[in-house]
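Given the structure is predicted, the values throughout are model-derived calculations rather than measurements. Just so you know, these numbers use all the heavy atoms, side chains as well, and skip hydrogens, waters and symmetry mates.
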Amino acid sequence: MRPNLRLYNTLSKQKEDFKPINADHVTLYVCGPTVYDFAHVGNARPVVVFDLLVRLLRHDYKRVTYARNITDIDDKIIEAAQKSGQPISEITEKYTRIYEEDMRALNARMPDIRPRATEYIDQMIAMTSRLIDKGHAYEKDGHVLFSVPSMADYGALSGRKLGDMIAGARVDVASYKKDAADFILWKPSTDNQPGWDSPWGRGRPGWHLECSCMIEDNFGKTIDIHGGGLDLIFPHHENEIAQSRCAHDGAPLANYWMHNGYLTVEGEKMSKSLGNFVTVHELLEEFPGKGEAIRMCLLSAHYRQPVDFSREGIKQAQKQLDRWYRLTKNVKAEGIKVPEEVLAALRDDLNTPRAIAALNALAKKAVTDDTAKKQLKSAANLFGVLEQDDWFTQVIHLEYIDSKSKLFPPTLSKERIEKNIAERTEAKKNKDFASADQIRNDLAEQGIALLDGPDGTTWERK
């Protein structure tokens, strides 16, 4: 019998039983980054939320195909290239690599499909032509626009009146538009902008068109789940639906729409002007080897609710993970079923606060119960944590040292720690206990604890 997974569907505004199109194969698409700069911590929230969903789906279903796109053609990218003097390809390659490395550091697995917008130009031209032929789009002055009035139920996802949506989005009322709500499918490129030949002249695609075409090419007309941040409901996802449904004679783009809530930093909206704008890259430098703690912090609130992010929250999550790691040290959990209370929480629209409470209850039992230790490890792995072998022995890499950080000096390395331990062992053999104690104290000041045991001395980060 299939487990009862319930998900909140933004389209219906209620929780629904999840029923995939194919009972043995779930399809999922999540909007990815526009790669021209470092990803901020708010960009990481949908990554860890939908990574957790995919882990749960893979636990419950035979096959799951997960796609997350890369937008590598966009006006922001063009602007970044013009300011820096670098080719667009160098900028997009650099920030795609950094983005994927940073998300892996949060223990988010790579999607099965990572389509790039520039690889789908032909498909975008083809869909645009289809929409023109079906009377849902028109060309004017080298621009091709989707005709919003041609779709009777436009706006169903956001549930707002068209006039309100236009005002809220500050839609540009350009001379080439027949209606203020119409949006761009294709636009002309100047000589110093990237462009591709099309029936409407040299140009480039509109942002909304990219995802519709990537989904169509990789999955067909309809997928099971489409995800992204709350800020994408309008206009991006609303416009994706319009393009895809009108190109496919009314077939839905996705049966379930999921959106994660906003992120604040210590109670305030994240903003460069407020000085609280934080990138994932910066946090990984500040908390080296502790991406799982950042992940826990992002999953501490229910995904549909706002989450308040802080460095103190990361420190508290690290302490929680320290405890779990110590309880499950050398524990093997292969073949151990995830306890039902954890699964029930996650199957209830990814109720992560309830799941974390169940994990803490398991940790309490695990103090004296070996079976509970295995269950804790199994359940935590499903949650995407307790997957590091070197949690307590990660040290900062020299290339990531932040000159403002007081956590670790540039000279600290695994090799130096092991050398200090050997020097301390030799000092103890020579009964030079003062030197041995000094080495212990020096390492302790730098966040390294020495653990003496019958098999020698090991170490871990505090």
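- The shortest non-hydrogen separation linking G291 to L284 is CA-CD2, 4.0 Å.
- Under the 3.5 Å distance criterion, with hydrogens and angles disregarded, a donor-acceptor pair is assigned to the side chains of Q193 and T190.
- For the residue pair A427 and A436, the shortest heavy atom distance occurs at CB-N, 4.1 Å.
- A side-chain hydrogen bond (donor to acceptor under 3.5 Å, both in side chains) with Y303 holds for exactly one of D349, N260, T352; it is D349.
- For the 3.5 Å distance criterion, the side chains of N69 and T71 qualify, holding a donor opposite an acceptor.
- Side-chain N/O atoms of Q243 and N239 include no donor and acceptor closer than 3.5 Å.
- Remark: Q86 CD to Y36 OH distance equals 15.0 Å, nearest 0.5 Å.
- Neither side chain, T279 nor H40, offers a donor N or O lying under 3.5 Å from an acceptor on the other.
- Scanning all heavy atoms of the two residues, the minimum distance from R45 to Y262 falls at NH1-O, 3.2 Å.
- Annotation: cation-pi pair R304/Y8 present, NZ/CZ under 6.0 Å from the ring centroid and within 45° of its normal.
- Electrostatic pairing of D224 and K19 does not count as a salt bridge here, judged by no charged N lying under 4.0 Å from a carboxylate O.
- Residues L5 and L56 are in side-chain contact: their nearest non-hydrogen atoms beyond the backbone lie under 4.5 Å apart.
- Contact between I88 and A81 at its shortest, heavy atoms only, is CG1-CB, 3.6 Å.
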Checking salt bridge (charged side-chain N to carboxylate O under 4.0 Å, His left out) for the pair K419/E423: CA distance, chi angles, key distance, verdict? CA-CA 6 Å; K419 183 173 182 290; E423 290 169 351; 2.6 Å; yes
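- Residues Y61 and N22 have side chains that never bring a donor and an acceptor to within less than 3.5 angstrom of each other.
- For residues 73-112, the ring-ring contact (aromatic ring centres under 6.0 Å, His included) pairs, not counting sequence neighbours, are F38-Y95.
- For the residue pair Q316 and Q320, no side-chain donor N or O sits within less than 3.5 Å of a side-chain acceptor on the partner.
- Taken to the nearest 0.5 Å, the CD atom of E93 stands 10.0 Å off from the CD1 atom of I70.
- A side-chain N or O of H25 and one of T65 form a donor-acceptor pair less than 3.5 Å apart.
- For the pair E460 and R326, the salt-bridge criterion is met [side-chain N within less than 4.0 Å of a carboxylate O].
- A salt bridge does not link R97 to D102: none of the charged side-chain nitrogens sits closer than 4.0 Å to a carboxylate oxygen.
- For the salt bridge (Lys or Arg N to Asp or Glu O under 4.0 Å) with R204, the lone residue among D75, D197, D72, D74 that qualifies is D75.
- Across T27, N255, L53, a single residue satisfies side-chain contact (heavy atoms from CB on, under 4.5 Å) together with I225, and that is L53.
- Salt bridge annotation for D348-R354: present, with a cationic side-chain nitrogen under 4.0 angstrom from a carboxylate oxygen.
- The closest side-chain heavy-atom distance from F18 to V26 is below 4.5 Å.
- Minimum interatomic distance between F383 and L52 (heavy atoms only, all atoms of both residues): CA-CD1, 3.8 Å.
- I91 has its side chain out of reach of V35: every pair of non-hydrogen atoms, C-beta onward, lies at least 4.5 Å apart.
- Side-chain contact, E240 with Y29: no donor N or O sits under 3.5 Å from an acceptor N or O.
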Side chain to side chain contact (heavy atoms under 4.5 Å, CB included) between F219 and I113, worked out: CA-CA 11 Å; F219 296 112; I113 305 171; 4.1 Å; yes
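- Within a 6.0 Å radius of NZ in K431, no more than 12 heavy atoms belonging to other residues, nucleotides or ligands are found.
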Could you walk me through whether E100 and T96 pass the side chain to side chain donor-acceptor pair (under 3.5 Å) test, one step at a time? CA-CA 6 Å; E100 293 187 341; T96 297; over 6 Å; no
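- Of all heavy-atom pairs spanning T10 and I233, the tightest one is CG2-CD1, 3.8 Å.
- No side-chain N or O of H208 forms a donor-acceptor pair with one of H237 less than 3.5 Å apart.
- Electrostatic pairing of R311 and E286 counts as a salt bridge here, judged by a charged N lying under 4.0 Å from a carboxylate O.
- The closest side-chain donor-acceptor pair between N420 and W459, if any, does not fall under 3.5 angstrom.
- For the side-chain hydrogen bond (donor to acceptor under 3.5 Å, both in side chains) criterion with Y325, the lone passing option out of E292, Q318, K377 is E292.
- Heavy-atom neighbours of K374 NZ from other residues, nucleotides or ligands within 6.0 Å: at or below the threshold of 12.
- For the residue pair E216 and S244, no side-chain donor N or O sits within less than 3.5 Å of a side-chain acceptor on the partner.
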Scan the side chains in residues 329-342 for donor-acceptor partners under 3.5 Å anywhere in the protein, sequence neighbours excluded, and list what turns up.
| from | atom 1 | to | atom 2 | distance (Å) |
| --- | --- | --- | --- | --- |
| E340 | OE2 | R347 | NH1 | 3.4 |

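- Of the charged side-chain nitrogens involved, none lies within less than 4.0 Å of a carboxylate oxygen, so that D369 and K373 do not count as a salt-bridged pair.
- A donor and an acceptor atom, one from each side chain of E238 and S158, are located under 3.5 Å apart.
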Please step through salt bridge (charged side-chain N to carboxylate O under 4.0 Å, His left out) for the pair D370 and K365, ending with a clear verdict. CA-CA 9 Å; D370 287 344; K365 289 182 184 178; over 6 Å; no
Residue pair M296, L321: steps toward the side chain to side chain contact (heavy atoms under 4.5 Å, CB included) verdict: CA-CA 9 Å; M296 284 289 293; L321 288 169; 3.8 Å; yes
Run the salt bridge (charged side-chain N to carboxylate O under 4.0 Å, His left out) check on D112 and R58 step by step: do they pass? CA-CA 12 Å; D112 304 292; R58 287 193 168 131; 2.5 Å; yes
Applying side chain to side chain donor-acceptor pair (under 3.5 Å), run through N441 and E445 and close with a yes or a no. CA-CA 6 Å; N441 294 338; E445 286 180 4; over 6 Å; no
Start with the C-alpha gap between R424 and D437, add the side-chain angles, then the distance that decides, and say whether salt bridge (charged side-chain N to carboxylate O under 4.0 Å, His left out) holds. CA-CA 8 Å; R424 178 173 175 267; D437 289 344; 5.6 Å; no
